[in-house]
Amino acid sequence: MKNSSVVPYVALHFAIFLFGSAGVLSKVLAVSSLLLVFGRTLFASLSLIPLLLVQREFSFRAVPKTVILCGALLAVHWLSFFAAMKVAPVTYGLMGFASFPLFVTWLEPWLFKEKRDGKDWYAALAVVIGMAVMVSDTGGGDIANVAAQSPLTGLLLGIFSGFSFALLVLANRWQGGHIAPFRLAFLQNSVATLTLLPFVLVNGGLSQISANAWWGLALMGVVFTAISHGLFMYSLRHVSTRFASLMTSLEPVYGIAIAYLVLHETPNLRALIGCAIVISATVAVSYWHGKAQ
């Protein structure tokens, strides 16, 4: 670990709780995935400006190209993540996303010239088996009280979301810790907003968003994006990437529990077994690599 203080670990844990809750909130908001991500990043950027002014960190000078890359990756990650939430029960999108520590484990040695562990093969196989179990029975009874949706599509979109998030985490490691975490969150969300703006203007729909939906987008942007993203970036300054991956395995646990309480989505036994296999594999691979550091 890079820092013995408990603060970075509390910040990481709270950020992950907010990440898991965001998927459930997206199911409640009656807007498209595109408008959801655009509104989220827009309000996140705006809410961070006062804080940056107080900290004297509000500046667009000397912005590394990697920040622009990370902003674009952030937009892609959230678009695929919320698309998964829209087309399938929360469980499937979250479990697809939960594969991201495996992508980190596979890509990190290649990008940073580090030794690869043979156990990665077993973890990859376990994740594939777990996800196969999850979608092995996607008939009408796989999720109670949920209209017919597409679990497989949600799972695949979740996996892509996990892959893009792994690239985002590794890109943040690559650029180092020379940018303050909340300034970094502001810059990345601003880039994501600008990236999505042309598509929003072409697609339209802004005028059709209800007042309640705007309040929901503001909540999503301020609490579930600006605060959570800033806390996550802060934690990465003090804990290893792989430890963060290990802790992020808790996100689907939070998300599934909140979906059960709020949306009354009840996964069946096969979905729960698949979840357990995927989470166990990602926890194990993160633990192995954490011990090796």
Side-chain angles (χ1 to χ4, degrees), residues 14-47 73-100 143 145-151 153-165 168 185 188-189 192-193 195-196 199-200 203 205-206 208-229 231-232 248 250-267 275:
F14 188 56
I16 293 167
F17 173 78
L18 293 176
F19 288 158
S21 304
V24 177
L25 179 58
S26 72
K27 299 278 283 189
V28 177
L29 294 176
V31 295
S32 67
S33 299
L34 175 61
L35 292 177
L36 181 61
V37 179
F38 176 77
R40 179 181 193 178
T41 55
L42 174 63
F43 281 111
S45 302
L46 295 175
S47 66
L73 282 173
L74 188 65
V76 171
H77 159 62
W78 276 334
L79 278 174
S80 52
F81 179 78
F82 288 123
M85 296 296 106
K86 294 291 187 182
V87 303
V90 169
T91 301
Y92 293 91
L94 285 175
M95 292 314 304
F97 169 75
S99 64
F100 105 84
I143 294 284
N145 302 321
V146 177
Q149 299 182 62
S150 178
T153 302
L155 186 64
L156 292 175
L157 285 169
I159 292 172
F160 182 75
S161 173
F163 173 70
S164 58
F165 187 72
L168 176 62
Q188 291 185 1
N189 278 282
T193 302
T195 301
L196 296 173
F199 300 97
V200 170
N203 179 266
L206 283 175
Q208 301 175 6
I209 301 178
S210 67
N212 287 337
W214 277 117
W215 281 111
L217 290 174
L219 178 66
M220 179 78 81
V222 176
V223 177
F224 295 92
T225 307
I227 293 176
S228 63
H229 195 184
L231 290 174
F232 189 76
T248 307
L250 292 172
E251 179 178 339
V253 177
Y254 288 136
I256 291 170
I258 297 169
Y260 172 77
L261 294 173
V262 177
L263 304 175
H264 307 295
E265 291 186 1
T266 308
C275 289

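Quick caveat: nothing in here was measured; it's all calculated off a predicted structure.
- Of all heavy-atom pairs between F17 and Y254, the closest is CA-CD1, 3.6 Å.
- Inter-residue side-chain proximity for M85 and L94 is flagged as met; some heavy-atom pair is nearer than 4.5 Å.
- Side-chain contact between F160 and V76 is present, with at least one heavy-atom pair separated by less than 4.5 Å.
- Using cut-offs of 30° and 60° on the angle between ring planes, the pair F100 and F97 is parallel.
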Go through V262 and L25 one step at a time and tell me if the side-chain contact (heavy atoms from CB on, under 4.5 Å) criterion holds. CA-CA 9 Å; V262 177; L25 179 58; over 6 Å; no
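- Contact check for V31 versus F82: no side-chain heavy atoms found under the 4.5 Å cut-off.
- A donor-acceptor pair is defined here as one N or O able to donate and one able to accept, closer than 3.5 Å; no such pair exists between the side chain of N203 and the backbone of F199.
- Closest of all the heavy-atom pairs between A15 and L231 is CB-CB, 4.0 Å.
- The OG1 atom of T195 sits 11.0 Å away from atom CZ of F38, with the distance rounded to the nearest 0.5 Å.
- The nearest pair of heavy atoms linking A192 to A75 is CB-CB, 4.0 Å.
- Between W215 atom CH2 and N212 atom CG the span is 10.0 Å, to the nearest 0.5 Å.
- How far CD1 of I159 is from OG of S164: 12.0 Å, rounded to the nearest 0.5 Å.
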For residues 217-225, which side-chain donor-acceptor pairs fall under 3.5 Å, sequence neighbours excluded?
| residue | atom | partner | partner atom | Å |
| --- | --- | --- | --- | --- |
| T225 | OG1 | R40 | NE | 2.3 |
| T225 | OG1 | M220 | O | 2.7 |

List the steps and the verdict of side-chain contact (heavy atoms from CB on, under 4.5 Å) for M95 and I256. CA-CA 9 Å; M95 292 314 304; I256 291 170; 4.2 Å; yes
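- Residues V90 and G255 share a closest heavy-atom pair of CG1-O, 4.1 Å.
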Using the rule given for ring-ring contact (aromatic ring centres under 6.0 Å, His included), can you reason through F81 versus F165, listing the C-alpha separation, both sets of side-chain angles and the distance that settles it, and then say yes or no? CA-CA 10 Å; F81 179 78; F165 187 72; 9.3 Å; no
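- For the side-chain contact (heavy atoms from CB on, under 4.5 Å) with Q188, the qualifying choice from T41, T193, L74 is L74, the only one to do so.
- The CD1 atom of I209 sits 4.5 Å away from the CG atom of L35 when rounded to the nearest 0.5 Å.
- Here the closest non-hydrogen pair linking A88 and P151 is CB-CA, 3.9 Å.
- The nearest pair of heavy atoms linking A84 to G154 is CB-O, 3.4 Å.
- Taking the side chain to side chain donor-acceptor pair (under 3.5 Å) definition, one finds that T153 meets it with S150, sequence neighbours left out.
- Going from atom OG of S33 over to atom CG of L79 covers 7.0 Å, rounded to the nearest 0.5 Å.
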